[in-house]
There are 2 protein chains.
Amino acid sequence: MRASERAYAALRSDIIEWRLTPGTVLGEVELSERLGVSRTPIREALAKLSAEGLAQPQSGRGVVVSEISLDHLDELFELRSALECRAAELAAQRGDPAVFRVLHEQLANAGELLTSEDPTRHDYYQLVAELDTAVDAAVGNHYLNQALKNLRVHLVRVRRLSQDNPARLRDAAREHAAIALAIANGNSAVASAATTVHLDYSLRHLLGTAAKELPQLRFPPAKGSS
Amino acid sequence: MRASERAYAALRSDIIEWRLTPGTVLGEVELSERLGVSRTPIREALAKLSAEGLAQPQSGRGVVVSEISLDHLDELFELRSALECRAAELAAQRGDPAVFRVLHEQLANAGELLTSEDPTRHDYYQLVAELDTAVDAAVGNHYLNQALKNLRVHLVRVRRLSQDNPARLRDAAREHAAIALAIANGNSAVASAATTVHLDYSLRHLLGTAAKELPQLRFPPAKGSS
DNA sequence: CCTGCGTTCTTTGTATACACTGATGGCACG
DNA sequence: CGTGCCATCAGTGTATACAAAGAACGCAGG
């Protein structure tokens, strides 16, 4: 694999998983030493991260990990709602009902997946991801899918602000099942509405749980101040 | 100004204004010679263009100007509709009515701007751009604005496929005026509906006029085949 | 004549040296 | 003691040399 890709992937996951906190300065020389590659691929990786919005060029001098906070949650979900509601509508018009009927079945029974011992809820999240993938495929719109993909990066990042409790996940599965059912029925109005409802619940839950965690996530202003 | 920025700006406008046609191979050495800079800033520019979707990495070997055609028009307008309808809704809820009342007035009288001698319709397009800016400001959502900004690049590019005739511009001005009025009235449902209507007319017009021009825009497959 | 392999060549990927710019700290002057 | 200027320096911006990988072409064998 190319060194620039490795550097990009490493930095990307570091930022998304909060090992690199907002405001952290990403110095080229420091990173090139830490990752064991020269500055050239590092620059390429930083450019990609900046384009993605995970980092920002700092007024000519270096790039820093971009800020993200509860304020951004509202904005993020506004965009998410715009994109996912429309995607759900279009999927209802264009999708193969059989595919979404199957997904509906699985999601309706997703409670079983949550009783397992896996603390990462891998099977559960995979199933939800499959719904997203199916919607994307049914919509068949490159530009819309690209916009959603860009958005999801930030969603993953902000999701780390909260913990997912089983009760919420069970509810979320039901909401997803409702969306899948509406799409299977070819009912775009309901699909859109169900998506709106689901996103509202999700946002409220995130705001509720994140508020408890946030204090400990307030960092020192980027570079060690004694 | 930095060399990488100059290279980026030059290539970007070359692509948007169809001086570089889809499928054109963007070789690093060739570009570095043509633009008089070394390969390093060229690489940076190409990375930015790829992130924007104006160019695409060609399976390991170089990047090419990305394709855009009438098929993409549908997809582009689907995303545009999703974003702009929601933006209009939010602007209706949050915008300063006075601002949009003024814009409504100006747009209602935009017919006067079209009688002028300027063939580029500078004043007209500036007024429309002001509406976009006002909506963006009223929405106040960084992520939504960013998504719209990314989208508009492609819209400008595809717009070059068609010519704008005065009759259509006059109608478009009325449609824009209707949107501005709905926002000024704080009526989000009407603002969204008016946007939907406007985009539908625009798309139909583009498809209608572009069809005539497209044949002459079918290029040889990238590299001269005898 | 077609097919498969090997060589060569073009083009990108990476490393590194150098230039330049903006910041920071100290020193001198008011 | 405060302020402003200058020097030093850290760190990015650019150029270029070298390495590696993929593609195209030609040649040989069937």
Side-chain angles (χ1 to χ4, degrees), chain A residues 1-15 20-67 220-226, chain B residues 1-15 20-67 220-226:
Chain A
M1 186 191 276
R2 291 182 306 189
S4 61
E5 287 181 29
R6 271 189 294 119
Y8 167 72
L11 288 172
R12 188 185 138 103
S13 74
D14 279 353
I15 293 174
L20 286 173
T21 55
T24 303
V25 176
L26 299 173
E28 295 179 6
V29 282
E30 175 211 334
L31 290 174
S32 68
E33 286 167 8
R34 181 158 75 85
L35 299 178
V37 295
S38 80
R39 279 178 53 212
T40 309
I42 294 288
R43 286 177 69 79
E44 205 147 327
L46 291 179
K48 246 178 158 175
L49 291 171
S50 300
E52 236 177 340
L54 290 176
Q56 289 175 330
Q58 173 102 310
S59 78
R61 203 145 201 82
V63 320
V64 300
V65 178
S66 64
E67 291 289 337
K223 267 208 169 175
S225 61
S226 75
Chain B
M1 188 191 277
R2 290 182 306 188
S4 61
E5 286 181 29
R6 271 189 295 120
Y8 167 70
L11 288 173
R12 187 185 139 106
S13 72
D14 279 352
I15 293 174
L20 288 173
T21 56
T24 304
V25 176
L26 299 172
E28 296 179 5
V29 283
E30 176 211 334
L31 290 174
S32 69
E33 286 167 7
R34 182 158 73 85
L35 299 177
V37 295
S38 80
R39 279 178 52 214
T40 309
I42 294 288
R43 287 177 69 81
E44 204 147 326
L46 291 179
K48 246 178 159 176
L49 291 171
S50 301
E52 236 177 340
L54 291 176
Q56 289 176 328
Q58 173 105 307
S59 79
R61 203 144 200 81
V63 320
V64 300
V65 177
S66 63
E67 290 289 337
K223 267 207 171 176
S225 61
S226 74

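Just so it is clear, the structure is predicted and the values come from calculations on it, not from any experiment. To find a chain, count down the sequence lines: A is the first, B the second, and so on, and within it residues start at 1.
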Roughly, in whole Å, what's the span from [atom1] in [X] to [atom2] in [N]?
X     : N      : atom1 : atom2 : value
A:Q58 : C:dA23 : CD    : P     : 10 Å
A:L35 : C:dA15 : CG    : P     : 11 Å
A:E44 : D:dG13 : CD    : P     : 14 Å
B:R43 : C:dT11 : CZ    : C1'   : 10 Å
B:L46 : D:dT14 : CG    : C1'   : 16 Å
B:L31 : D:dA15 : CG    : C1'   : 16 Å
B:K48 : D:dG13 : NZ    : C1'   : 14 Å
B:M1  : C:dT21 : CE    : C1'   : 16 Å

Heavy-atom donor-acceptor pair, A:R39 side-chain to D:dG11 base, under 3.5 Å: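 Answer no: no donor N or O sits under 3.5 Å from an acceptor.
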Side-chain donor/acceptor contact of A:S4 with base of C:dT14 under 3.5 Å: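 When only heavy-atom distances are counted, A:S4 does not reach the base of C:dT14 through any donor-acceptor pair under 3.5 Å.
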From D:dG13, C:dT14, D:dT12, pick the nucleotide closest to the side chain of B:R2?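 Selected nucleotide: D:dG13.
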Check every atom of C:dT16, D:dT12, D:dA15 against the side chain of B:P41 and return the nucleotide holding the closest atom.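 Of the options given, the side chain of B:P41 lies nearest D:dA15.
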Determine, step by step, whether B:R6 and B:L11 satisfy the side-chain contact (heavy atoms from CB on, under 4.5 Å) criterion, reporting the C-alpha distance in whole Å, the side-chain angles of both residues, the deciding distance to 0.1 Å, and the verdict. CA-CA 8 Å; B:R6 271 189 295 120; B:L11 288 173; over 6 Å; no
Which is it for A:E52 and A:R12 under the salt bridge (Lys or Arg N to Asp or Glu O under 4.0 Å) test, yes or no, and what are the steps along the way? CA-CA 10 Å; A:E52 236 177 340; A:R12 188 185 138 103; 2.4 Å; yes
Backbone N or O of B:L20 within a donor-acceptor pair of the B:T24 side chain at under 3.5 Å?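 No, B:T24 side chain to B:L20 backbone: no donor-acceptor pair under 3.5 Å.
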Check for a donor-acceptor pair, side chain of B:S66 on one end and backbone N or O of B:L54 on the other, with a separation under 3.5 Å.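 Confirmed, B:S66 side chain pairs with B:L54 backbone.
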Let me spell it out: for each of B:T40 and B:L26, pick the nucleotide of DNA chain C with the closest heavy atom. Which residue's pick is nearer the 5' end?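 In this pair, the answer is B:L26.
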